[in-house]
Amino acid sequence: MKNTLIVLRSFENSVERYLAELEQFEMEQLHRKTDEEEWSIGQMYMHLIQSALFMHLPNIKQCLVHSEPSENLNKGKTELGEIVFEQEQFPAIRIKVPASPQYTPKAPENMEQLVGGLHQVIEGMREMEAVLRPSPATDKVIHPRLGALDAQEWFLLIEMHYRHHFLQLDRLKMELDHEDFQIC
């Protein structure tokens, strides 16, 4: 397993890139969808922020609680989970999830929401890294596709998730550029 401080630094670098990329966009561009099936760039940012704040970071905390013996303690990862953690990255494939109110992110209200959200995730990651270092034993929480993950794996997952979405960001930017070119 990777050193949590190295993971944190890599994550911070990813967020720095996301923040720098944000400076290139107007709100209209962050809301624009090139296809009804596709998320806008703003929705992708909201997905990154919300998944970290409302799923990944809380699951790290849940793993560290140690309230009662967890039934997930002896459960393992799925085949995909094993591959992802062995390679320390998601496969470079698009994952399509059907649109739904609970999964499809809302468009951002303003730029400050995105910048503030990314900074909030960084703070959460820094807090968790400080707690993870002295905590070798943890419970596990089930990820819907990857299986039972411990606190350090959930921590690494956040960093991998942010890196993985650079592929989507680059694709959406290219589609946006192509669309802007056709309008001119």
Side-chain angles (χ1 to χ4, degrees), residues 1-2 4 7-8 10-15 17-19 22 38-68 70-73 75-91 93-109 113-133 135 137-169 172:
M1 186 64 66
K2 265 184 159 176
T4 54
V7 172
L8 178 62
S10 176
F11 174 76
E12 289 171 334
N13 289 337
S14 291
V15 172
R17 178 177 166 195
Y18 279 112
L19 289 167
L22 259 183
E38 192 73 61
W39 288 350
S40 68
I41 292 172
Q43 285 177 293
M44 186 208 70
Y45 270 82
M46 292 296 289
H47 165 73
L48 288 170
I49 293 164
Q50 291 171 344
S51 61
L53 292 178
F54 301 116
M55 180 184 180
H56 302 141
L57 289 167
N59 284 342
I60 294 171
K61 289 178 185 172
Q62 184 62 40
C63 288
L64 296 173
V65 169
H66 301 299
S67 55
E68 296 175 20
S70 169
E71 67 216 33
N72 298 327
L73 205 52
K75 291 186 179 173
K77 293 180 202 69
T78 62
E79 186 177 338
L80 176 61
E82 291 292 344
I83 292 167
V84 165
F85 282 93
E86 182 180 301
Q87 296 178 355
E88 296 182 350
Q89 66 182 6
F90 288 97
I93 56 170
R94 288 177 68 179
I95 299 167
K96 285 217 165 219
V97 177
S100 68
Q102 65 270 22
Y103 188 75
T104 304
K106 293 193 182 323
E109 294 173 19
Q113 182 182 20
L114 298 176
V115 172
L118 289 169
H119 284 291
Q120 202 177 347
V121 176
I122 286 176
E123 285 310 308
M125 287 288 282
R126 288 175 180 161
E127 288 171 17
M128 286 300 107
E129 195 282 329
V131 175
L132 281 175
R133 238 179 302 143
S135 177
T138 62
D139 287 338
K140 293 182 180 182
V141 173
I142 301 290
H143 182 282
R145 297 191 69 222
L146 305 179
L149 306 180
D150 65 30
Q152 291 195 341
E153 290 165 334
W154 279 104
F155 187 80
L156 180 57
L157 179 67
I158 297 171
E159 188 272 337
M160 288 189 296
H161 187 223
Y162 273 62
R163 265 190 294 127
H164 177 71
H165 275 281
F166 283 133
L167 297 171
Q168 183 182 17
L169 178 61
L172 290 173

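What you are looking at is a predicted structure, and each value in this text was computed from that prediction instead of being measured.
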>> If you apply the rule side-chain contact (heavy atoms from CB on, under 4.5 Å), what do you find for Lys106 with Met46, and how did you get there?
In response: CA-CA 7 Å; Lys106 293 193 182 323; Met46 292 296 289; 5.6 Å; no

Could you check whether any side-chain heavy atom of [X] comes within less than 4.5 Å of a side-chain heavy atom of [Y], counting everything from C-beta outward?
X      : Y      : result
Ile41  : Leu22  : no
His165 : Met44  : yes
His161 : His47  : yes
Leu157 : Phe90  : yes
Pro105 : Ile49  : no
His143 : Met55  : yes
Glu38  : Gln168 : yes
Lys140 : Asp150 : yes

Donor-acceptor pairs under 3.5 Å, side chain of residues 114-125 to any protein atom, not counting sequence neighbours: which ones?
{"residue": "Glu123", "atom": "OE2", "partner": "Arg126", "partner atom": "NH1", "Å": "3.0"}

Interatomic spacing from [atom1] in [X] to [atom2] in [Y] - rounded to 0.5 Å:
X      : Y      : atom1 : atom2 : value
Lys61  : Glu127 : NZ    : CD    : 6.5 Å
Ser10  : Leu156 : OG    : CG    : 9.0 Å
Phe155 : Ile60  : CZ    : CD1   : 6.5 Å
Met128 : Gln152 : CE    : CD    : 12.5 Å
Asn13  : Glu159 : CG    : CD    : 9.5 Å

> Of all residues at least two apart in sequence or in a different chain, which pass the ring-ring contact (aromatic ring centres under 6.0 Å, His included) check with Tyr18?
Replying inline: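 So Tyr18 forms a ring-ring contact (aromatic ring centres under 6.0 Å, His included) with Tyr45, Tyr162, Phe166.
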
How close do [X] and [Y] get, counting heavy atoms only, and between which atoms?
X      : Y      : result
Glu153 : Ala148 : OE1-O, 4.0 Å
Ala52  : Pro58  : O-CD, 3.7 Å
Met160 : Glu88  : SD-C, 3.2 Å
Ala151 : Leu132 : CB-CD2, 3.5 Å
Leu146 : Phe85  : CD1-CE1, 4.2 Å

> Yes or no on side-chain contact (heavy atoms from CB on, under 4.5 Å) for Asp139 and Val65, after CA distance, side-chain angles and deciding distance?
Replying inline: CA-CA 8 Å; Asp139 287 338; Val65 169; 5.9 Å; no

> Considering residues at least two apart in sequence or located in another chain, which fulfil the side chain to side chain donor-acceptor pair (under 3.5 Å) criterion with Thr4?
Replying inline: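 Per chain and number, Thr4 pairs via side chain to side chain donor-acceptor pair (under 3.5 Å) with Glu129.
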
> Are more than 12 heavy atoms from other residues, nucleotides or ligands located less than 6.0 Å from atom CD of Glu109?
Replying inline: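 12 or below, so no.
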
> Are Thr104 and Gln43 close enough, and set up right, to give a side-chain contact (heavy atoms from CB on, under 4.5 Å), and what steps lead you there?
Replying inline: CA-CA 8 Å; Thr104 304; Gln43 285 177 293; 3.7 Å; yes

>> Has Thr78 got a side-chain atom pairing as donor or acceptor with Arg145's backbone, closer than 3.5 angstrom?
In response: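 Yes; at least one donor-acceptor contact below 3.5 Å.
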
